[in-house]
Protein chains: 2
Amino acid sequence: MGLTKTEIFSTEQNQLATLLKALAHPARIAILQRILASNTCICGDLVEELGLAQATISQHLKELKNAGIIQGTIEGVSVCYCINPVTWKLIETQMGAFLGAYKQEADCC
Amino acid sequence: MGLTKTEIFSTEQNQLATLLKALAHPARIAILQRILASNTCICGDLVEELGLAQATISQHLKELKNAGIIQGTIEGVSVCYCINPVTWKLIETQMGAFLGAYKQEADCC
DNA sequence: TTTATATATCGTAATATTGCAATACATAGT
DNA sequence: ACTATGTATTGCAATATTACGATATATAAA
């Protein structure tokens, strides 16, 4: 146990859950907001700006990369990260469909 | 360690992360989709339809309830669950702002 | 009151996540 | 080659999550 039973759910359910899990940490939200705010690559900077150790931030960046949410390019000594537009669009689409499925009708509870 | 450093992030970052975390499991997405599909309360039913033990589903329902995403009303022997419209709206707003902050400009990476 | 049914809680095992120090790696400049 | 700088990886401790059997609780029906 302690292992999610992915096999009993649909591919879309698992995919959306995986994407949301990658977003579901304040440090990763902060990292993404920092990238979004600059509207371009972010090279370095992140370690000084967030109050976390360099190893911790590198780990969060790796998770975002693994989920396909960001992509990195080596730029000399440092690495530049930016949003992966394809995955971002996917999140918007899947999340939009999920959230939009709620039609607020008569209150029942 | 093993404990998220919530104190170094903003209230909004922590709130969004908490809400997304509650959604970030295929079983909980499936539960919510089941409620959304019926467009009304769901009383019972969930245990037979998902392939998880009753205790496990009850635990997932509790997490969704704790996050304020669903609300339950005792209806005789069973309990009826439905979407909490306030929280659902909050998720839509916060997530919309977060995702909408991405303006796809020139590719840099 | 007893029984049946539905849901919640407890306890526990397996696994995952978070955070960081230490260290490795990789590139730029000297 | 050596050094400095930025990032990744490793190893580990603390904590959280997932799943479920067993059991408790609560209401309805007999």
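Quick note on labels: first sequence line is chain A, next is B, and so on, each numbered from 1.
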side-chain hydrogen bond (donor to acceptor under 3.5 Å, both in side chains): which pairs involve residues 27-38 of chain A, sequence neighbours left out?
A/Arg28-A/His60, A/Arg28-A/Glu63, A/Gln33-B/Gln13, A/Arg34-A/Glu49
Tell me: NZ of B/Lys5 to C1' of D/dA16, nearest whole Å?
18 Å
How would you label the contact of A/Leu52 with the nucleic acid (heavy atoms, under 4.0 Å): base, sugar-phosphate, or nothing?
sugar-phosphate
Expressed in angstrom and rounded to an integer, what is the separation of A/Ile74 atom CD1 from D/dT5 atom C1'?
15 Å
Distance check needed: C/dT17 P versus A/Leu64 CG, whole Å only.
13 Å
Is there a path of hydrophobic side-chain contacts, each under 4.5 Å between heavy atoms of I, L, V, M, F, W or Y residues, that connects A/Ile8 with B/Leu23?
yes
Parallel, tilted or perpendicular: which fits the ring planes of A/Phe98 and B/Trp88, with parallel below 30° and perpendicular above 60°?
tilted
Distance test, side-chain N/O of A/Lys21 to OP1/OP2 of C/dT17, below 4.0 Å
yes
Let me know the distance between CG of A/Leu50 and P of C/dC20, rounded to the nearest Å.
11 Å
Shorter than 3.5 Å, N or O on both sides, protein versus nucleotides 7-11 of chain D: list them out with atom names.
unit_1	atom_1	unit_2	atom_2	d
D/dT7	OP1	A/Gly44	N	2.9
D/dT7	OP1	A/Val79	N	3.4
D/dA8	OP1	A/Tyr81	OH	2.4
D/dA8	OP2	A/Ser58	OG	3.1
D/dA8	N7	A/Gln54	NE2	2.8
D/dA8	N6	A/Gln54	OE1	2.8

note: B/Ile57, atom CD1; C/dA8, atom P; distance rounded to Å ~ 11 Å
Under 3.5 Å, side chain of B/Asn84 to main-chain N/O of B/Gly68, donor-acceptor pair present?
yes
Do A/Leu46 and A/Leu61 have side chains that get closer than 4.5 Å, going by heavy atoms?
yes
Is the phosphate of C/dT17, meaning OP1 or OP2, less than 4.0 Å from a side-chain N or O of A/His60?
no
Would you mind reading off the distance between B/Leu46 atom CG and D/dA19 atom P, rounded to a whole angstrom?
15 Å
Test item: A/Ser58 side-chain N/O and A/Gln54 main-chain N/O as donor-acceptor pair under 3.5 Å:
no
